[in-house]
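The structure appears below as structure tokens.
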Amino acid sequence: MVDQQQQVPEKARPTVHRFITTHDADGKATFETGVKEEIDFERSPLGADMFLAWSATQFPAALDQDSDLDTYKAHCVKKPESFMIPGGFLSRYIDYHPGCAPHWHRTITIDFGVVIEGQIQLELESGENRILNKGDVAVQRATNHAWSNPSKTEFARVFYVALDAEVPVVNGQELSESLGAVSHK
């Protein structure tokens, strides 16, 4: 695996644009112009670049007077403290660096991860793993897992939607959020 402190090669991935719709004073559909359309990824020490595409603090989302838009704008300034927003949802792009090492975690969410470019490996604490290719989707149901990029030369881009969920109970035991640990391997 690539040392996460090494120089990361230049990405040859298409620029991503975000187009947000809203309503004018007459209720007519229009594009929101107060949020930049071209997105900027932020480098993470975990071997990936991330971008918060959308978020809300409740589901169903409140759309009155653009309250969800105001929430998202606030999250763009001060990022959510967790991978998830309790009671809400988020969507994000993640560009995994070549050779990105696995980072174990469990969030109390249902996640949909769609591979946009490249290839990504999903490993479960049972030792099972799957390679996902462009167009594949993983439905992650609050299980302890790790993502990694098996390519040593290419980035992998994945788009995630994470919805808050109830804490899973298995054999009478609540399975809590876990960041960076494999609890049952």
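Computed from a predicted model, the values in this text were never measured in an experiment.
- When side chains are defined from C-beta on, Thr22 counts as touching Thr30, because their heavy atoms get closer than 4.5 Å.
- Ring-plane geometry between Phe89 and Phe59 is classed as perpendicular, the angle between the planes exceeding 60 degrees on a 0 to 90 degree scale with a lower cut at 30.
- Summarising the geometry of Glu177 relative to Arg106, their closest heavy-atom pair is CG-O, 3.0 Å, with the distance given to 0.1 Å.
- Here the side chain of Glu32 pairs a donor or acceptor atom with the backbone of Gly34 at under 3.5 angstrom.
- At a threshold of 4.5 Å between non-hydrogen side-chain atoms, the residues His75 and Ile85 count as touching.
- Residues Leu63 and Tyr72 fall into different hydrophobic clusters, defined by Ile, Leu, Val, Met, Phe, Trp and Tyr side chains chained together at heavy-atom separations under 4.5 Å.
- The minimum heavy-atom distance between Ala162 and Asp111, with the atom names listed, is CB-OD1, 3.3 Å.
- When all heavy atoms are compared, the tightest approach of Glu38 to Thr15 is CG-CG2, 3.4 Å.
- Note: the hydrophobic cluster containing Val35 does not contain Phe31 (ILVMFWY, side chain heavy atoms under 4.5 Å, direct or indirect links).
- Between the CD1 atom of Ile116 and the CZ atom of Phe159 there is a distance of 7.5 Å, given to the nearest 0.5 Å.
- Of all heavy-atom pairs between Glu154 and Asn149, the closest is O-ND2, 2.8 Å.
- For the pair Gln65/Asp70, no side-chain contact is recorded, criterion being any heavy-atom separation below 4.5 Å from C-beta on.
- The hydrophobic cluster containing Ile108 does not contain Trp104, counting ILVMFWY residues as joined when their side-chain heavy atoms lie under 4.5 angstrom apart, directly or transitively.
- The number of heavy atoms from other shown groups lying within 6.0 Å of NZ (Lys73) is above 12.
- Annotation for Ser55 and Leu52: closest pair OG-CD2, 4.0 Å, computed over non-hydrogen atoms.
- The backbone N or O of Gly87 sits less than 3.5 Å from a side-chain atom of Asp164, completing a donor-acceptor pair.
- Here the shortest heavy-atom pairing between Ala138 and Leu132 reads CB-CD2, 3.7 Å.
- Distance check, rounded to the nearest 0.5 Å: CG of Leu124 to CZ of Arg130 gives 8.0 Å.
- Crowding of Lys28 atom NZ: a count of heavy atoms from other residues, nucleotides or ligands under 6.0 Å not exceeding 12.
- Between Asn144 and Leu175 there is no side-chain heavy-atom pair separated by less than 4.5 Å.
- Atom NE2 of residue His97 and atom OG of residue Ser44 lie 7.5 Å apart, to the nearest 0.5 angstrom.
- Atoms OG1 and CG, from Thr109 and Leu90 in turn, are 8.5 Å apart once rounded to the nearest 0.5 Å.
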* Chi angles and distances behind the side chain to side chain contact (heavy atoms under 4.5 Å, CB included) call for Phe51, Arg18 -> CA-CA 11 Å; Phe51 171 73; Arg18 163 198 49 219; 2.7 Å; yes
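- Cluster annotation: Val161 and Ile110 are assigned to the same hydrophobic cluster (Ile/Leu/Val/Met/Phe/Trp/Tyr, side-chain heavy-atom contacts under 4.5 Å, transitive).
- In this structure, CD on Gln58 lies 9.0 Å from CG on Asp68, to the nearest 0.5 angstrom.
- Aromatic ring pairs are classed by plane angle as parallel below 30°, tilted from 30° to 60° and perpendicular above 60°; the pair Trp147 and His145 is perpendicular.
- Annotation: the span from Ile94 atom CD1 to Phe155 atom CZ amounts to 13.5 Å, rounded to 0.5 Å.
- Val139 and Val114 end up in the same hydrophobic cluster when Ile, Leu, Val, Met, Phe, Trp and Tyr side chains are linked at under 4.5 Å.
- Side-chain contact annotation: Asp66 with His23, donor-acceptor N/O pair under 3.5 Å absent.
- Note on ring orientation: taking the six-membered ring where Trp is involved, the planes of Phe41 and Tyr93 are perpendicular (angle over 60°, cut-offs 30° and 60°).
- Of the possible polar contacts, none joining the Ser148 side chain to the Pro150 backbone as a donor-acceptor pair under 3.5 Å is found.
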